[in-house]
Amino acid sequence: AANLVTSRTFDYYEKMRVAALGAPAAAVKQMAFSDEVMVLALRGAKKPAELRALDGRQIFVEAIERGWIDASMLGGVKLGKIIVHGDVANGQLMKGDQDLHFAWTLEREKGAWKNDLRSVVDIIDIVVNQQLKAAGVDEAQLVQTSVESFIGRKLTAADWAPPPQK
């Protein structure tokens, strides 16, 4: 799967790794839903030394292996019309014949079209925020439930704080 995504996707996961190692709890709580979940999941699933030894590509691969990233999350969504502008292409996400009004981004890198999963993160955040508002659900509770399902244990106060620096 790592060969199918852009280098900017790995940059995003590197940013999440760095945040897991250093962002204070207050900063994590201000992050977008997907970022907050990823940072807390990394803190809860990996020892600080393990996180320091990884890079964004390795974090991405591990997230797939752990099921944190899964194509089934898209639930039958397909690409509709694709518009190409140079080395960037955007395809409208469709469910059946219905336009979901979200674009999926592809980028040409080294001659091959690759998925930019950052666009998926943005879509997830928009959809989650819409659903939270409609249902009157607390985002903090959804973050906690999501992270706990990823790490297989209860989230603790220590998970919110960055690990001690070396």
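These values consider heavy atoms only, across backbone and side chains, with no hydrogens, waters or symmetry-generated copies.
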Taking only Lys NZ, Arg NE, NH1 and NH2, and the carboxylate oxygens of Asp or Glu, determine whether [X] and [Y] approach each other closer than 4.0 Å.
X	Y	value
Lys46	Glu62	yes
Arg57	Asp55	no
Glu50	Lys47	no
Arg8	Asp116	yes
Lys78	Asp97	no

Would you say the side-chain atoms of [X] pair up with the backbone N or O of [Y], donor to acceptor, closer than 3.5 Å?
X	Y	result
Glu148	Arg153	no
Ser149	Ser146	yes
Thr9	Leu117	yes
Arg17	Ile59	no

Do Val147 and Ile151 pass the side-chain contact (heavy atoms from CB on, under 4.5 Å) test, and can you show the C-alpha distance, the side-chain angles, and the key distance before you say yes or no?
CA-CA 6 Å; Val147 173; Ile151 66 175; 4.1 Å; yes
[X] side, atom [atom1]; [Y] side, atom [atom2] - distance, nearest 0.5 Å:
X	Y	atom1	atom2	answer
Trp113	Leu106	CH2	CG	7.0 Å
His85	Ile83	NE2	CD1	5.5 Å
Arg118	Asp11	CZ	CG	8.0 Å
Leu54	Glu14	CG	CD	9.5 Å

So which heavy atom on [X] is nearest to which on [Y], and how close?
X	Y	result
Leu21	Pro162	O-CB, 3.6 Å
Gly44	Asp159	CA-OD1, 3.9 Å
Ala41	Phe150	CB-CD1, 4.1 Å
Gly22	Gln165	CA-NE2, 4.3 Å
Gln92	Ala103	OE1-CB, 3.9 Å
Arg43	Pro163	NE-CD, 4.5 Å

Measure the shortest side-chain to side-chain distance between [X] and [Y] over non-hydrogen atoms and say whether it is less than 4.5 angstrom.
X	Y	result
Asn90	Ile82	no
Lys114	Leu4	no
Trp68	Leu42	yes

Does Asp87 form a side-chain contact (heavy atoms from CB on, under 4.5 Å) with Glu107? I'd like the steps, not just the answer.
CA-CA 6 Å; Asp87 288 336; Glu107 293 181 12; over 6 Å; no
Would you kindly confirm whether [X] and [Y] end up in one hydrophobic cluster when ILVMFWY residues are joined by side chain heavy atoms under 4.5 Å apart?
X	Y	answer
Ile69	Leu51	yes
Val5	Leu79	yes
Val143	Ile126	yes

Would you say that more than 12 heavy atoms from the other residues, nucleotides or ligands in this model lie under 6.0 Å from the NZ of Lys15, or not?
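At most 12 heavy atoms, drawn from other residues, nucleotides or ligands, come within 6.0 Å of this atom.
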Between Trp104 and Asn115, do the side chains contain an N or O donor and an N or O acceptor separated by less than 3.5 Å?
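Their side chains do contain a donor-acceptor pair, which is all the 3.5 Å distance test asks for.
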Per-pair distances, 0.1 Å, donor-acceptor, side chain in residues 24-39, under 3.5 Å, sequence neighbours excluded:
{"unit_1": "Ser34", "atom_1": "OG", "unit_2": "Asp125", "atom_2": "OD1", "d": "2.8"}
{"unit_1": "Asp35", "atom_1": "OD1", "unit_2": "Tyr12", "atom_2": "OH", "d": "2.6"}

